[in-house]
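For reference, the structure discussed in these notes is given below.
Position 1 is the first residue of the sequence, and the numbers go up from there. Keep in mind that the numbers below use all heavy atoms, side chains included, and drop hydrogens, waters and symmetry copies. Just so you know, ligand 1 is whichever comes first in the structure, and atom 1 is the first atom listed for that ligand.
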Amino acid sequence: MIVANWKANGDIKKNYLWCETFQNLLDKSSFNYVGISPSHIHFHQLNTFFKETNVMIGMQDIYIEGGAITGSISAEMASADGCSFCLVGHSERREIFNEDGNLISKKISSLLKNNIKPILCIGESFEEHKAGNTRDKLKSQIIESIPKSYVLNELIIAYEPIWAIGSGKTPEAEEVNSIHEFIKDVVQSATANNIVPKVLYGGSVNDINASDFFDEDSIDGALVGGASLDANIFANIVNIYKRLKKI
Ligand code: PGA
């Protein structure tokens, strides 16, 4: 799956042009594994535009409940509006909004209850990377975020080293592949029904480096920030994925 994370970007006019361009660059079968997460205010626009296709439109975040929570939306509201997936625990949410494993775990429960696929984002800082603590960090993020009371049927993890996000720097694709194998093992042992998650890589993915990542067996797709704002580049990434994964 290739997922666009638009973060706090977009407006009605730009989004429309993006959608038109993107739609014209891909054949319909490619839509089966594309997800787009625009801002909440543009969710409906994108969902309406791609209504007749298999493109999944998701959200970047929800809160664990609705009601008297000014400025938030709940999983129930997202679900009623046709949201099919939602990012959880993105490093920007963890850093800027102080989100911890406990809250993230509750968000995942809330999404599952409302039939929305969670995409759990995990990743290490540059200091943790340098100190060789990447695997320990990822393992603790996974263990604390997986809701204990749920049998998960499906989980998507996005491995995003914080130092690679928006920096133009990336780890070697082989190293990412071995980390993805590690993540799959950890999730498998941490879940009651031993599920093996799909693991996306995120962090400065573009249409030049995408083929290095998609050449690796355990890299099941990408979460793309900056490069997804350009419909041409994002469509190139989707086409590279399709060619290399032979789907
Ligand atoms: P980037 O962002 O592709 O701009 O590095 C990825 C992300 O934050 O999900």
Note to self: I'd like to know if Gly202 contacts ligand 1, where contact means a heavy-atom distance under 4.0 Å to any ligand atom.
What the structure shows: no
Note to self: Whether the side chain of Asn5 engages the backbone of Val224 through a donor-acceptor N/O pair (distance < 3.5 Å, no angle test) should be reported.
What the structure shows: no
Next item on the list: Could you say whether the N/O atoms of His90 and ligand 1 ever approach to under 3.5 Å?
Entry: yes
Item checked: SB check Asp61 Arg93 (cutoff 4.0 Å) -> yes
Margin query: For Asp27, is there an ion pair with Lys242 - N to carboxylate O distance below 4.0 angstrom?
Written below: yes
Next item on the list: Give the atoms of ligand 1, by number and element, whose distance to some non-hydrogen atom of Gly225 is under 4.0 Å.
Entry: 1 (P), 2 (O), 3 (O), 4 (O), 6 (C)
Margin query: Please work out, at 4.0 Å between heavy atoms, whether the side chain, the backbone, both, or neither of Ile165 comes within that distance of ligand 1.
Written below: both
Next item on the list: Under 4.0 Å from a heavy atom of Leu223: give me the atoms of ligand 1 that qualify, with their elements.
Entry: 9 (O)
Check: Salt-bridged, Asp185 to Arg135, with N to O below 4.0 Å?
Finding: no
Notebook entry, point to check: Are the side chain of Lys107 and the backbone of Ile62 linked by a donor-acceptor contact shorter than 3.5 Å?
Noted result: yes
Check: By number and element, which atoms of ligand 1 are closer than 4.0 Å to a non-hydrogen atom of Gly203?
Finding: 5 (O)
Next item on the list: Kindly give the heavy-atom pair with the smallest separation between Ser37 and Gln60, and that separation in Å.
Entry: O-NE2, 3.1 Å
Margin query: Gly226 versus ligand 1: do any nitrogen or oxygen atoms come within less than 3.5 Å of each other?
Written below: yes
Check: Which residue supplies the protein heavy atom nearest to atom 9 (O) of ligand 1, what is that atom called, and how far is it?
Finding: Glu160 OE2, 2.7 Å
Check: Is there a donor in the side chain of Asn194 and an acceptor in the side chain of Gln188, or the other way round, less than 3.5 Å apart?
Finding: no
Check: Who gets closest to atom 5 (O) of ligand 1 by heavy atom: Cys121, Ala222, Gly166?
Finding: Gly166
